[in-house]
Structure formats: C-alpha cells, structure tokens
Protein chains: 4
Amino acid sequence: MEMPTKRLELLYAAARAFAEQGFDSANINEIASQAGLGKGTVYLYFANKKALYLGVIEYTVTSFNNLADHIMALPVSNWEKIEQVVHTFLTLDEEFIPFLTLWARHQFHHATEFQEDMAQIFSRLRQPLCEIVAAGVEQGEFHTEYPETMGYVILSLLAMLVPELQVPYGMPTIPRDQRSTLALDVIRKILGVNLEP
Amino acid sequence: MEMPTKRLELLYAAARAFAEQGFDSANINEIASQAGLGKGTVYLYFANKKALYLGVIEYTVTSFNNLADHIMALPVSNWEKIEQVVHTFLTLDEEFIPFLTLWARHQFHHATEFQEDMAQIFSRLRQPLCEIVAAGVEQGEFHTEYPETMGYVILSLLAMLVPELQVPYGMPTIPRDQRSTLALDVIRKILGVNLEP
Amino acid sequence: MEMPTKRLELLYAAARAFAEQGFDSANINEIASQAGLGKGTVYLYFANKKALYLGVIEYTVTSFNNLADHIMALPVSNWEKIEQVVHTFLTLDEEFIPFLTLWARHQFHHATEFQEDMAQIFSRLRQPLCEIVAAGVEQGEFHTEYPETMGYVILSLLAMLVPELQVPYGMPTIPRDQRSTLALDVIRKILGVNLEP
Amino acid sequence: MEMPTKRLELLYAAARAFAEQGFDSANINEIASQAGLGKGTVYLYFANKKALYLGVIEYTVTSFNNLADHIMALPVSNWEKIEQVVHTFLTLDEEFIPFLTLWARHQFHHATEFQEDMAQIFSRLRQPLCEIVAAGVEQGEFHTEYPETMGYVILSLLAMLVPELQVPYGMPTIPRDQRSTLALDVIRKILGVNLEP
DNA sequence: AATGAATGAGGCTTCATTCAT
DNA sequence: CATGAATGAAGCCTCATTCAT
C-alpha cells in the first residue's frame, strides 16, 4: 500500500495536534502548517476534520496490528511473547507517542469523539495480550479464570507505564530501567507464573 | 432524589453533558435546559463555561474525598478497607457516573482540558488505595516493592470494572455479581495476600 | 413639582454613569447601586434605560433654563449679563458636571443617542447668549452680522473652558483664575465691544 | 471613486457606522455587508471591533496630518495659511465626513471610548492652526496672549461650520457660500488682524 | 496538486427587563 | 414601594470549509 509522503506527514501532524489539544481544539490550519502544507490542501487528502481524525486512528490500529502480527509469529513461548509485548510497548518510538495517546484515550473509553466509528475501527484491532494469555492458559503455562479480561488488565498496566504517555495524576514516576521489571513482576503474579525453580 | 439547590442541579446537568460530549462540544444552552433553567441563569452560578467545568471537577474530588475519609476512618484491617473501596467503587449511584467518567478521563491523563487547573484540583484528591497499600505493607499484611504504584494499578483495575462506566473496547462484560470477586482476586495476587493459612 | 429624593438620586447616578461610560456601556445595575436602590426599583421610576437617559437630559435642560431665566431677569446691561453667564458657566457645582458633559455631547451634536428625542428636548433649551447678543446688537452695544451664530460660538468657547469638563486633546490647561479673563477677552473681540475709553 | 483595498473599504464602512451609531451600537455584521464582505472577513483585517475602531481613528489622524503637512509647506503668509485651512475644512469630501465626525467627537473629548488609546493616537495629530497662530504672533502678524488656545478656539469654530457635520442644536444654518467669510471674519477679530492698512 | 482569501454557522456571554415575593 | 433571581435577545468572534486561481 503506497502511502504518499504528504498524507503521512499530515497524519503525524494531526496526531500530535489531536493528542495535545483534543479534536475540537485542534486547528486544521495549524495541522496543515505543521505538515508543511497549505490549509486548503488538507482537503485534498481528507474529506473533512472528522475524516482526518479517523484517518489517524486507522493508522494507529494498523500500526499496532503490524506490531502484533510480528510478535505473534515469533516461535517462542507465551511468556516470552509477553516479554516481547512489554518491551515493544515500553520502547515505542517517540514520534509514535501521539498515536499511542489517542489510542489510550479511546481504548479505555474516555474519549467522546465518534464512538460509533471508533467501535468499528477498534473491532479490527488485534489484542495480542488476550491471545497470548488465552493460549498460555490452554497450555497450562498461565493460570487465571478470566484470560481475556486479564489481557486488558495487563494492557492497562502497560499504558500506565509507557514513557512519555502521561501517567496518572499523583502516580510516582518509575525510572525507565525499572518499568519492564515492574510490569513483568505484576504480570507474573496476575497470571500465576512460577519463577524458575 | 431531591436536589437541593439550583447550583447542584447545574453541576449534575453539566457533568452529564461534559461526560457525554466533552468540554468543547457540550452546549451551555442545553446544560441550562437540562437543569430546568434559562441560558443566562448559568452565569449567576458560574462565571463562564470553564468555571462550570472546574466546578464539576471540584465537586467530584470533594465527593471522592468524602467517601475516602469515611472508609479510612473505619476500624478494620487494611484488607477489609480494600474490600470497602472495591464495594464502594462498584456500587456507585448511577447519577454519579458522569462525575466518575470525568474523573477517569483526567485521573488517567487522557483529557486535554485545563491541565494546570486540573493538577491543582487533583492534588487535593485523596488516594485511599495508596494509603491502604502502604499501611498494609508496613504492617506485613501486603507484599510489594511499589506500594504507591500498586495503588494506582488497582485503581485502574477498578475503573475498568465499574458498571456503567464504559469498559475498554473489546473487553468482555463481566457479570455484575462477579466483578467484586474478580477484582479482589487480582488485588490479592498483586499484593501477595494469602488466601487462608 | 414635587421631586422625590430617590428619583433625583437616580438622575444624578445615571448622569455620572452616562457621562463617564456612554449610554450603551452604562450599567443599570450599577446606577441603581450608586443611587442606593435595587436594580428592579429603577423601573418604578423610569420605564426603561432610554427613559432614564432622556430624564437626565430633561433635568439638564430644565436646570440650564432656570439659570438662564435668572440671569435674563437681572436689571443689568447686556455685557454684564454676558459676564454673569461666563461666571455661572465657569463656576458650576462639581456634581453638575456630568449633566454638563452630556449637554455638551448633544449640544454640539456628536452624540448618536435618540437624536429625534434630543431635538425635541433641546428645542426647549433657552439660549441666553443668543438672546443677549441679539439684544446687544439691537441696542448698539455689540457689533456683529451674525448675532445668533455668535451666541453659539461663544457657547462653544465656554464649553472648552469649563473646569472639569474635559478640554480638547492637546489644548493647554488654562489656570482657573485666568479662564474668565480669557473668555471675556475673546468675547469682547468677537462682539466688537470697546474697552472703556 | 475607486477604492483600492478591502481594508480601506472596511475603514470607510466602519467610519460611517461608528459615526452614525457609536461604537457599541454599530454592528460588525452590518459594517461587513456595507463593505461588500462577509462577517468573518472583517477579522482578516482587524483583530476585533476595537481594533477596527482604532484603525478608523488612525486613518483619520493620518489623513488630517497629510492635509496639514501640505498646507504648512506652502510658501505663503500665515494668514494665507489660515485661509487655506479654513477652505480645506469647509470643502472636505463628503465621504470623509464620517471620519470628521469621529474626530470631532474625540477631539473635543466627548466620546468615552478607549480614552487611553485615543490619547496616544491623538498625540500624533498635528495642529496646524496652533502652529500658524504661534508663528504669526512671533512675526507680529497676529496678536493674542494665548496663541495655542486660540488655535483650538478657531478649530472649534470651524468644526461648527463644516457642512454635513451636524451643527449645534438650534444654530441657524449658515449658507455654504458665507461660511468661509464668516469664519475668517471671526478669526481676524480673535487674532487682531488688521483688515486693510 | 496546492493555495489562502472569503465565508457564515454556531456558541459563549452580556445585560436590560420582568415578576413573584 | 422595593427587590433580585431569572430570562433570552442580541452580538462578537472562531474556525471548518469552499473555491477561484
């Protein structure tokens, strides 16, 4: 799928603006400037502001799915896949953070924009953690009665630990190099994984 | 339920509107109507739209703190306090849900509105879970190296399970009567609480 | 005509507000407060804001006419009457200044408010200077081909010299005790009055 | 007369509206229409209503200064310069009248709008009459002890005689062709100029 | 493909006015 | 007579969107 550069630049500029200011406050003019384009040109790539927003979300879902596909295809144990997911999440490229911010805002349902369209787009979002936990439970590697729910719990945990993503008000900042350890420690407890004997 | 003052009716109508539509899309005119008032009357109680929004957040924080104060004052074990928090969270009055929605949107930092003012208001928000976990760890009741962080992790877990609060996209709906059990089960694991000796 | 105190206080408060801020910017609420009354009470004395404004102008015209009547009835020469007018103008009571301000604003036609009503009210305003000049010309005391117009020219001169009334931008402030002399000097020239021989 | 820029058309439309209705009552929407533009277009040229008003005043001051510069540069006697000023004032283009109206409203201090900004703008307004009178006095051509004040007195006289500018209430209308004569006659008396030797 | 001048719907906010007490 | 809570018309201003170039 060939993606013209300008369209991609627009998506990145839009993601930054939407993540920082929200849908309503974000300014089409400013987004265009940030993408090195004139205001009117935006409308050659996207029908309107809403379409631009949905375009950003689409791009986010596709990117996430690509990461998920890659990890799921690895010939390793479920636990090692989880380690991969954690590592991937906690070392995302900085310029991807705005997309991650928007994803979190919708994934955990706090955003109000276009909920109908969101439901449709998010239905295509792969949830590797859920898949891994389910597989692990089936293979006796993990132990939980609610594998899918635990997938989301872990996801939420990771979102709280992602660097650059704003952590909850009041939560102490975990040093970068301890995040992985902390996350895996909690996940191990949740999934009842035995440390090596 | 009888609503004592006009100001309070406004806060509830505003909370519903802001939770459903966000700050920008919410309409002062509509909020006033919902509160059974004329447009201009809103400005007798709040200087402007922003003040109304902050008023809603203030009310939320105060309400939460009252609940927290009550629970923290109970003469019971830390674990029982956690049970109280879980129960309180999962059985909040339906008309409080809009406030909860707004709280979640800011607590987990996904909202963009008035971040400076939010920081100030949220600095006054008590975090009973953090307090309880810290006390429990000190008294040997719980075991974790990151008591405060675990407080927030548990908080996030509860937010995901609150009925009527929109759960994460894709997460299966947990039956009402199993939510408490599920939450306490996970919390027990996270905090290393022994079931029965 | 018995004038209730409250009505008069309202007129003074209104004159101050209208003179300082103009008709549109003046605030009924504030005027009421200044008069020691509640907002709603204003409407017991005046039908609406416009009627209040016209009431102020009416009061101004009546006051001016009373002064004029007094001076015109004096058994003195025309020149001495002019001296009286000048003196009266330059020593008006401070609390009358707002009325004078409003008068000047309309007399010299720069104000936009209610021009139709103003024409009617101002048609009742006596112009003693015009009368005096006309009489003086007839009696050979003054010399000018445009007696009425000269009356207005002199009036304008006085308005520029009235203490507390804002003088034109840039015009140097004439010391209080020289104003009378200056005015009479110019008037003498305009009317061709011979100094005593 | 061809109007070069949109900005200029706006200034003229605004001047008409502000002169006729005052700052508060004038309607941005209507001004835009009068200038053949849409409401929003006004804001491409002026930041807000106040800026538009100040723009009009600025334009007035600049125009006046241009006229003054031209007259002051003429190689003629001071009296002839005064004749030029009188002639210029009394034959101003009709479409300049709104600007003149606004100028008079502020020059003679009856307007309430933006007095701080006005003081600044008016400080740049040249007063040719004051300059001419001062020069004439110095050169023995005129005789008065208050040259600067007399400049403003003459200015006020002219303002009262400008055609189309609303004259004072009650003042008889001087036929167009006699205004110049009348004005010069009074000025001559004020400045003690000898008719013919 | 690119632009940005022009537009006007929409929304917040003010404040004169009303009216029940 | 007096009040002030409540109202809603009116107007400024923003900004997504259009379209002629």
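Chain letters run A, B, ... following the sequence lines, proteins first and then strands; every chain starts at 1. Atom set for the values below is all heavy atoms of this structure, side chains included, hydrogens, waters and symmetry mates excluded.
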What is the distance, rounded to the nearest whole Å, between atom [atom1] of [X] and atom [atom2] of [N]?
X: F46(A); N: dA2(E); atom1: CZ; atom2: P; result: 13 Å
X: N48(C); N: dT17(E); atom1: CG; atom2: P; result: 5 Å
X: R7(D); N: dA6(E); atom1: CZ; atom2: C1'; result: 17 Å
X: Y53(A); N: dA16(F); atom1: OH; atom2: C1'; result: 17 Å
X: N27(B); N: dA9(E); atom1: CG; atom2: P; result: 17 Å
X: K39(B); N: dA6(F); atom1: NZ; atom2: P; result: 17 Å
X: Q21(D); N: dA10(F); atom1: CD; atom2: P; result: 15 Å
X: D24(B); N: dC13(F); atom1: CG; atom2: C1'; result: 15 Å

### Task
On the 0 to 90° scale, with breaks at 30° and 60°, tag the F18(C)-Y53(C) ring pair as parallel, tilted or perpendicular.
perpendicular
Mind checking if [X] touches a base, just sugar-phosphate, or nothing, with heavy atoms under 4.0 Å?
X: Y45(D); value: sugar-phosphate
X: A51(A); value: nothing
X: A32(A); value: nothing
X: I28(D); value: sugar-phosphate
X: A26(D); value: sugar-phosphate

State whether [X] places a side-chain N or O below 4.0 Å from either non-bridging phosphate oxygen (OP1 or OP2) of [N].
X: K6(D); N: dA6(E); answer: yes
X: Y43(D); N: dA6(E); answer: no
X: T41(C); N: dC1(F); answer: no

Quick check on the 6.0 Å ring-centre criterion: do [X] and [Y] meet it?
X: Y12(C); Y: F99(C); answer: yes
X: F64(B); Y: F96(B); answer: yes
X: Y169(B); Y: H106(A); answer: no

### Query
Taking the side chain of K49(C) as its heavy atoms from C-beta onward, which of dA10(F), dA5(F), dA16(E) lies nearest to it?
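Among the listed nucleotides, the one closest to the side chain of K49(C) is dA16(E).
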### Query
Going by atom types only, do Q115(A) and Q166(B) share a side-chain donor-acceptor pair under 3.5 Å?
yes
### Closest contact, heavy atoms only, K49(D) versus D24(D)
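Here K49(D) and D24(D) meet closest at NZ-O, 3.2 Å.
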### Query
What heavy-atom pair brings R105(C) and G22(C) nearest, and what distance separates the two atoms?
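Of all heavy-atom pairs spanning R105(C) and G22(C), the closest is NH1-CA, 4.2 Å.
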### Query
Closest nucleotide of DNA chain F for S25(A) versus for V42(B): which of these residues is on the 5' side?
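Whichever sits nearer the 5' end wins; that is V42(B).
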#### Entry: DNA chain E: 5'-proximal contact among G40(C) and F23(B) (nearest heavy atom)
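The residue whose closest nucleotide sits nearer the 5' end is F23(B).
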### Task
Specify the angle, to 10°, made by the local axes at the two ends of the helix from dA2(E)-dT21(F) to dT21(E)-dA2(F) when five pairs are taken at each end.
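Helix axis angle between the two ends: 10°.
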### Query
With a cut-off of 6.0 Å (strictly less than), are more than 12 heavy atoms of other residues, nucleotides or ligands near CD of Q120(C)?
no
